[in-house]
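Input: a single structure, listed below in structure tokens.
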Amino acid sequence: MRNRKLGKSLLASALGIAALAGLSTPAGAAATTATFTLTGGTGLAITAPASSALSGGTTESSATTATQMGAVSVSDTRGALAGTWTATVSSSDFTTTGEGAPAIAKDNVSYWSGAATASSGTATRLPGQLLAANKVTLDVSRTAFSASAVIGNNTAAWNPTVSVTVPAGSVAGTYTGTITHSVA
């Protein structure tokens, strides 16, 4: 009986080896390794509104105007694995026409990004300033939004709020400044 079991076990092993041998490349076959290269897209791009009308105020006292400026969006088509990007924002001074009219300095301009309004792809996205309580002055370049752990192509959009504190002694007029977003 014991010899029968051993014989059956050997027969099963032999059949298993024979089955595996059927998976190998036949004698008249040739294997080809095929490869291709996938290049990244055009890279990083950022878009922002061409213009934005902030709400006005009066010269009677120091006032603060705050307005959402419109969608800012980043498109990342680099196809990165574990990539990152950071969008930054800065401002110029705000000036008005009229000889000798004082400018409203950029340290009176505040910004907060708020949460993402749209996104696609795989990435961990972080707003620079989620809430109004987190606003920052634009006297220096600040982080507006960032992404880490990027895998492949991705996008992010947000609608930031810009506020300007009008200092006492400002003259009446239409003030113009430039808010610049960039991404790297």
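Worth knowing before you read on, the calculation uses all heavy atoms, side chains too, and leaves out hydrogens, waters and symmetry mates.
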Listing, residues 177-184 side-chain donor-acceptor contacts under 3.5 Å, not counting sequence neighbours, or none:
residue	atom	partner	partner atom	Å
H181	NE2	Y111	OH	2.9
S182	OG	T88	OG1	2.8

**Prompt:** Hey, are the side chains of P160 and V89 touching, using non-hydrogen atoms and a 4.5 Å cut-off?
**Reply:** no
**Request:** Using side chain to side chain contact (heavy atoms under 4.5 Å, CB included) as the criterion, point out the one residue from L54, T161, V162 that pairs with T67.
**Result:** L54
**Asked** Step by step, would you call F145 with V74 a side chain to side chain contact (heavy atoms under 4.5 Å, CB included)?
**Response** CA-CA 9 Å; F145 233 88; V74 170; over 6 Å; no
**Message:** Testing the basics here: between V72 and P49, what is the closest heavy-atom pair and its distance to 0.1 Å?
**Reply:** CG2-CD, 4.3 Å
**Request:** Not counting sequence neighbours, list each pair that qualifies as a salt bridge (Lys or Arg N to Asp or Glu O under 4.0 Å) and has a residue in residues 119-139.
**Result:** D139-R142
**Prompt:** In chain order, what residues pass the side-chain contact (heavy atoms from CB on, under 4.5 Å) check against T47, with sequence neighbours excluded?
**Reply:** S73
**Item:** Set of side chain to side chain donor-acceptor pair (under 3.5 Å) partners for W112, sequence neighbours left out
**Value:** none
**Prompt:** In the single-linkage hydrophobic clustering (I, L, V, M, F, W, Y; side-chain heavy atoms under 4.5 Å), do V109 and V136 co-cluster?
**Reply:** no
**Item:** Contact summary for A101 and T96, nearest pair of heavy atoms
**Value:** CB-CG2, 3.6 Å
**Prompt:** Can you pull the salt bridge (Lys or Arg N to Asp or Glu O under 4.0 Å) pairs that have at least one residue in residues 31-46, sequence neighbours excluded?
**Reply:** none
**Asked** Listed by chain and number, what are the salt bridge (Lys or Arg N to Asp or Glu O under 4.0 Å) partners of R78, not counting sequence neighbours?
**Response** D76
**P167 vs I104 side-chain heavy atoms within contact, under 4.5 Å** = yes
**Complete:** With sequence neighbours left out, the residues meeting side chain to side chain donor-acceptor pair (under 3.5 Å) with S120 are T155
**Asked** Is S110 reaching over with its side chain to a backbone N or O of S163, donor-acceptor style, under 3.5 angstrom?
**Response** no
**Asked** Apart from L81 itself, what residues make up its hydrophobic cluster when side-chain heavy atoms of I, L, V, M, F, W and Y under 4.5 Å apart count as a link, directly or indirectly?
**Response** I151
**Message:** Among residues at least two apart in sequence or on other chains, which ones pass side chain to side chain donor-acceptor pair (under 3.5 Å) with T143?
**Reply:** none
**Prompt:** side chain to side chain contact (heavy atoms under 4.5 Å, CB included) between V164 and Y175: does it pass, once the steps are laid out?
**Reply:** CA-CA 11 Å; V164 178; Y175 286 80; over 6 Å; no
**Message:** Looking at S75 and A45, would you say the former's side chain and the latter's main chain have a donor-acceptor pair under 3.5 Å?
**Reply:** no
**Asked** Looking only at heavy atoms, which two atoms of A144 and W158 are closest? And how far apart?
**Response** CB-CZ2, 4.0 Å
**Asked** Who pairs with D107 by salt bridge (Lys or Arg N to Asp or Glu O under 4.0 Å), at least two apart in sequence or on another chain?
**Response** none
**Request:** Indicate yes or no: at least one non-hydrogen side-chain atom of V171 is less than 4.5 angstrom from one of P102.
**Result:** yes
**Request:** Quick one: do L138 and S90 satisfy side chain to side chain contact (heavy atoms under 4.5 Å, CB included)? Show the steps, please.
**Result:** CA-CA 5 Å; L138 295 183; S90 61; 5.7 Å; no
**Fill in**
Residue set satisfying ring pair (Phe, Tyr, Trp, His ring centres under 6.0 Å) with F94, at least two apart, ordered chain then number -> none
**Prompt:** Who else is in L131's hydrophobic cluster (ILVMFWY, side-chain heavy atoms under 4.5 Å, direct or via others)?
**Reply:** L130
**Item:** Rounded distance [0.5 Å steps], CG in D93 versus OG1 in T176
**Value:** 12.5 Å
